[in-house]
S.K.: 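One structure is given below, represented as C-alpha cells, and several questions about it will come after.
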Protein chains: 2
Amino acid sequence: MTDATAKPWTMQQIAAAAGVSVTTVSHTLSGKRPVNPETALRIRRLIDEFGYVPDAGARQLKSGRSRMIGLAVPDISHWYFGRIARGVEEMANERDYGLIICSTSNSDPRREKRYFNLLRTRSIDGLVYTASREIAATDELMKIAESSSPIVLADEDVPGLDDVPSVTSTNYGGAQELGRHLRDLGHTRAVIIAGYAGLHSTVQRVRGIRESFPNALVLHGDFELASGYALASDLLANQVGFTALFASNDLMAIGAMRRLQEAGVRVPEDVSIVGFDDVDMASVVSPGLTTVRQDMLGIGRQSAELLIDAVEAGSTEGIQSIGLPVELVIRGSTAPPPS
Amino acid sequence: MTDATAKPWTMQQIAAAAGVSVTTVSHTLSGKRPVNPETALRIRRLIDEFGYVPDAGARQLKSGRSRMIGLAVPDISHWYFGRIARGVEEMANERDYGLIICSTSNSDPRREKRYFNLLRTRSIDGLVYTASREIAATDELMKIAESSSPIVLADEDVPGLDDVPSVTSTNYGGAQELGRHLRDLGHTRAVIIAGYAGLHSTVQRVRGIRESFPNALVLHGDFELASGYALASDLLANQVGFTALFASNDLMAIGAMRRLQEAGVRVPEDVSIVGFDDVDMASVVSPGLTTVRQDMLGIGRQSAELLIDAVEAGSTEGIQSIGLPVELVIRGSTAPPPS
DNA sequence: CGCGATGTGCAAATCGAGTTGCAAGGCGAG
DNA sequence: CTCGCCTTGCAACTCGATTTGCACATCGCG
C-alpha cells in the first residue's frame with residue numbers, strides 16, 4: 001500500500017496541461033465568462049481524465065459557504081431520529097449539500113458548544129435542530145438563534161424561539177383523532193402516559209386527547225419502553241380503573257402493553273392501548289398497535305428544504321413554519337370497552 | 001430578525017483590538033512560539049469576549065486537513081446502521097473530528113460518486129465504508145482504495161479489498177454458538193434463512209451453523225422482515241420438515257416467526273427460531289428471540305478509531321483489522337424439539 | 001563593556017480557487 | 001480599412017490562518 005498523501009490535482013496543473021490559463025479553466029467551470037466551445041471541451045476532457053475536483057477548503061474560504069448543513073439530534077441510533085436524519089440527508093443530497101451529524105446525547109454542554117461552533121467556524125451553512133428531549137432553549141442555542149445563523153427546528157417547537165422556523169407534526173390534530181377513535185368505541189375512563197411535561201408536543205397531545213376525555217389521568221414518562229412498563233406497573237399497583245390507555249409514543253405504549261399483558265390484562269378486550277409515531281415495532285407486536293403515523297421522513301426533508309432555502313436566500317426572513325399531517329392507523333390494540 | 005450574514009470576527013480584528021500582529025495571536029493559540037504571558041492573557045480575553053473562532057475553510061486550505069471523516073451507510077434510518085453511526089460519531093467526537101453522513105441507499109452511482117468526491121475535494125480526511133448490502137466492490141470504490149485514501153471497512157469485508165483494514169463481528173464464531181445451542185437442545189433438522197448469497201458475513205454464518213447441521217437447507221433473503229415472512233411461507237407451502245430455523249438477522253427471524261405462528265405452528269414448542277443482531281424488537285416479540293448480540297456500537301467506534309489513526313499517521317500501513325466478539329443471548333424462542 | 005542567548009514582534013509568503021480590469025489578437029461586417 | 005465583437009491571457013488581489021525569515025529588543029555572564 002502506497003502512502004495516503006497522493007496529492008490531488010490543482011487547477012494550475014489542469015490549465016498547464018490544456019495550455020491555457022487558470023482564468024480560462026475557472027471560467028469554463030463557472031460559466032461566468034464565455035469560453036470557446038472547443039477550448040471548453042478540451043479542458044473538460046482533461047478534468048475528467050485527471051479526475052480533478054476543486055479543493056473544498058479553498059472554495060469555502062473564497063465563497064464563505066461550505067455547502068454543508070448540520071443536523072443536531074439527541075441520538076442518531078434511535079429509530080425516530082434516524083428517520084429524520086434520513087429525510088434530511090435525502091433533501092441535502094438533492095440540493096447538493098453535505099450533511100454533518102451532531103449528536104446531542106446526554107446534553108453534554110461541551111458537545112453542544114462544539115456543534116454550534118461548526119456554525120461559527122463556517123463549517124456548516126446552517127443547522128437543523130431537533131430539540132425533542134429538551135424543554136427549553138439553552139443559552140447557547142439562544143445566542144446562536146439571536147446571531148441569526150440559519151436554523152430550522154425539526155419535530156419540536158422550542159419556547160422562546162418563536163422567530164425560528166420549524167417543521168412539526170400536527171400533534172394536536174393527531175391526538176384529537178386518537179381521542180375520538182376511543183370515545184367513539186365507547187370508552188369513558190382513560191389514562192394518558194405522556195412525554196416530558198412542558199415539551200410542546202406533549203402539551204398538544206394531552207390537549208387533543210382531553211378534548212374527548214377531559215378527566216383523563218396524566219402520567220409522564222421519558223419516551224422509552226421501560227418507562228411505559230414502569231408506569232403501567234404503577235397503575236396496576238394503585239388499582240386505577242381505566243379501559244383506554246393513551247401513550248405519547250409507541251415505545252411507551254408497547255412497554256405498557258407488555259406489563260398489562262403480564263398481569264393478565266387482555267388487550268384490547270379489557271384495555272385498549274394506543275401509541276404515537278407508528279414505529280416498525282407497532283405492527284409486529286401482538287396485538288398490532290393502533291397509533292398515529294408521523295411522517296418523520298417528511299419532517300426531515302422539509303426541515304432541510306426550509307434551511308437550505310434560508311441559507312441560499314441569506315436570511316430566514318419570510319420562511320414559514322410547517323405542520324405536517326398525521327394519519328390514524330387502526331390495528332388490533334383498540335376495541336370497545338368491556339361491557 | 002436581522003440578516004443572517006453577520007460576519008464572524010477574523011484574527012486580524014482580534015490582533016488589531018489587542019494592538020499586536022496576527023502572528024502573535026496565532027502563536028498564542030498554537031503555542032508554537034513563546035508569547036509574553038501578559039500579552040497572551042490580553043489576547044485570550046479578547047477572543048473570549050468577541051467569541052472568535054478560526055475559520056474552518058482557511059484552516060483546511062492551509063493544513064490540507066478538514067478534521068472531518070465520512071461514514072457511508074446504505075440507510076441511516078435502519079437500526080443496524082444507526083448503531084454503527086452512533087459509534088462512529090462518538091469516537092469522532094472524542095478525537096475531535098466531525099462526521100459527514102453519506103447515504104448509499106438504492107446504490108445510485110451518482111450518489112456514490114458524490115461521496116467519494118468528498119475524499120477527493122478533501123472535504124473529509126477519511127471514510128468509514130459500510131458495504132453490508134453489497135457483494136463486490138464497485139469500480140469507484142476500487143479506484144479510491146487504490147489511490148490509498150484512508151478507508152476502513154465496517155461490518156463487512158469486501159472481496160478484492162484485502163489491503164483495506166476492516167472491523168467486523170466474529171460471524172463464524174457466533175454462528176457456531178447458535179448451531180451448538182440448537183444441536184445441544186436435540187434438534188437435527190434445520191433450515192437456514194441466510195442473507196445475500198456471496199456476502200462475506202453470510203458465508204461465514206452459514207458455515208458456522210453447518211458445522212452442527214451439515215445438511216441444513218439454505219434459503220436466501222434480503223434482511224428485511226417481509227423476506228423472512230415470505231420465505232417461511234415457501235417452507236410451509238412445500239411442507240418442508242424442520243424443527244430449527246436459523247435466520248441471518250433478527251428481522252427475518254421475526255418475519256418468519258410471525259408467518260409460522262399465523263399458520264398455527266407453535267414457537268418454540270414445534271419450531272425453535274434464532275436470529276442474529278439482537279435488535280430492540282428481539283426482546284419485545286413473544287416469545288423473545290434467541291439471538292447473537294453484535295456490538296454494532298463497538299464496530300462503529302473501532303472503525304472510526306482505526307480510520308483516525310490512519311489519517312493521523314498518514315497511511316493505513318500497519319493498521320490491523322479487528323474481529324469483535326459476539327454474545328449468545330438465549331430467550332424464549334428456542335427449546336428442545338417436539339418428541 | 002560586550003558577547004551570545006533568549007524572547008518577541010513584524011512583514012511577507014503560502015495554501016487553491018474565484019474574480020476583475022486591461023489589453024491583445026482574430027474575425028467578420030460595413 | 002476600420003469598427004466592434006468575441007475569445008483569451010496576464011497579472012494582481014481576495015478569502016483567513018499559518019509559518020517563515022528577519023530584526024529588534026533585553027538579559028545574564030565573563
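Labels below follow one simple rule: chain letters A, B, ... track the order of the sequence lines, proteins then strands, and each chain is numbered from 1. Just so it is clear, the values below take in all heavy atoms, side chains as well, and ignore hydrogens, waters and symmetry mates.
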S.K.: Identify, with sequence neighbours excluded, every residue that meets side chain to side chain contact (heavy atoms under 4.5 Å, CB included) alongside B/Thr23.
M.R.: B/Ser21, B/His27, B/Arg33
S.K.: Check every strand shown and say whether B/Val20 touches a base, only sugar-phosphate, or nothing at a heavy-atom separation below 4.0 Å.
M.R.: sugar-phosphate
S.K.: With a non-hydrogen cut-off below 4.0 angstrom, is B/Ser30 in contact with a base, only sugar-phosphate, or nothing?
M.R.: nothing
S.K.: With a 4.0 Å cut-off on heavy atoms, is A/Val35 in touch with a base, just the backbone sugar-phosphate, or nothing at all?
M.R.: sugar-phosphate
S.K.: Nearest 0.5 Å, please: how far is CE in A/Met11 from CG in A/Leu29?
M.R.: 6.0 Å
S.K.: Would you tabulate the pairs of protein nitrogen or oxygen atoms and nucleotide nitrogen or oxygen atoms of nucleotides 15-17 of chain D closer than 3.5 angstrom?
M.R.:
unit_1	atom_1	unit_2	atom_2	d
D/dA17	OP1	B/Tyr52	OH	2.6
D/dA17	OP1	B/Asp55	N	3.4
D/dA17	OP2	B/Met11	N	2.6

S.K.: Going 5' to 3' along DNA chain C, which nucleotides are the first and last within contact of chain A (any atom under 4.0 Å from a heavy atom)?
M.R.: C/dG16 to C/dG21
S.K.: Nearest nucleotide by nearest heavy atom, which residue falls closer to the 5' end of DNA chain C, B/Ser21 or A/Lys32?
M.R.: B/Ser21
S.K.: With sequence neighbours excluded, tell me which residues meet side chain to side chain contact (heavy atoms under 4.5 Å, CB included) with A/Val158.
M.R.: A/Ala131, A/Ala137, A/Leu153, A/Leu161
S.K.: In the structure I gave you, are the side-chain heavy atoms of A/Val167 and A/Val128 within less than 4.5 Å of one another anywhere?
M.R.: no
S.K.: Report the residues that fulfil side-chain hydrogen bond (donor to acceptor under 3.5 Å, both in side chains) with A/Tyr52, sequence neighbours left out, ordered by chain and then residue number.
M.R.: none
S.K.: With A/Ser26, which residues qualify under side-chain hydrogen bond (donor to acceptor under 3.5 Å, both in side chains), at least two apart?
M.R.: none
S.K.: If we fit an axis to the first five pairs and another to the last five of the helix from C/dC1-D/dG30 to C/dG30-D/dC1, what angle do they make, to the nearest 10°?
M.R.: 50°
S.K.: Please identify each residue that fulfils side chain to side chain contact (heavy atoms under 4.5 Å, CB included) with B/Lys143, with sequence neighbours left out.
M.R.: B/Glu140
S.K.: For B/Ser123, check side-chain hydrogen bond (donor to acceptor under 3.5 Å, both in side chains) against everything at least two apart and list the hits.
M.R.: B/Thr121
S.K.: May I ask you to decide if the ring planes of B/Tyr129 and B/Tyr115 are parallel, tilted or perpendicular, using 30° and 60° as cut-offs?
M.R.: tilted
S.K.: Would you call A/Thr39 and A/Leu41 a side-chain contact if the rule is heavy atoms closer than 4.5 Å?
M.R.: no
S.K.: Please identify each residue that fulfils side chain to side chain contact (heavy atoms under 4.5 Å, CB included) with B/Leu61, with sequence neighbours left out.
M.R.: A/Asp55, A/Ala58, A/Leu61
S.K.: Table please: side-chain donor-acceptor pairs of residues 88-96 of chain A below 3.5 Å, with sequence neighbours left out.
M.R.:
unit_1	atom_1	unit_2	atom_2	d
A/Glu89	OE1	B/Arg111	NH2	2.5
A/Glu89	OE2	B/Ser103	N	3.3
A/Glu89	OE2	B/Arg111	NH2	3.3
A/Glu90	OE1	A/Arg301	NH1	2.7
A/Glu90	OE2	A/Arg86	NE	3.2
A/Glu94	OE1	A/Arg301	NH2	3.0
A/Glu94	OE2	A/Arg301	NH1	3.2
A/Glu94	OE2	A/Arg301	NH2	3.1
A/Arg95	NH1	A/Asp309	OD1	3.2
A/Arg95	NH2	A/Asp309	OD1	3.0
A/Arg95	NH2	A/Glu312	OE1	3.3
A/Asp96	OD1	B/Arg114	NE	2.9
A/Asp96	OD1	B/Arg114	NH2	2.9

S.K.: Nucleotide by nucleotide, 5' to 3', does protein get under 4.0 Å of the base (B), only the sugar-phosphate (S), or neither (-) in nucleotides 20-25 of chain D, counting heavy atoms?
M.R.: BB----
S.K.: May I ask you to test the A/Ile47-A/Trp9 pair for a side-chain heavy-atom distance under 4.5 Å?
M.R.: no
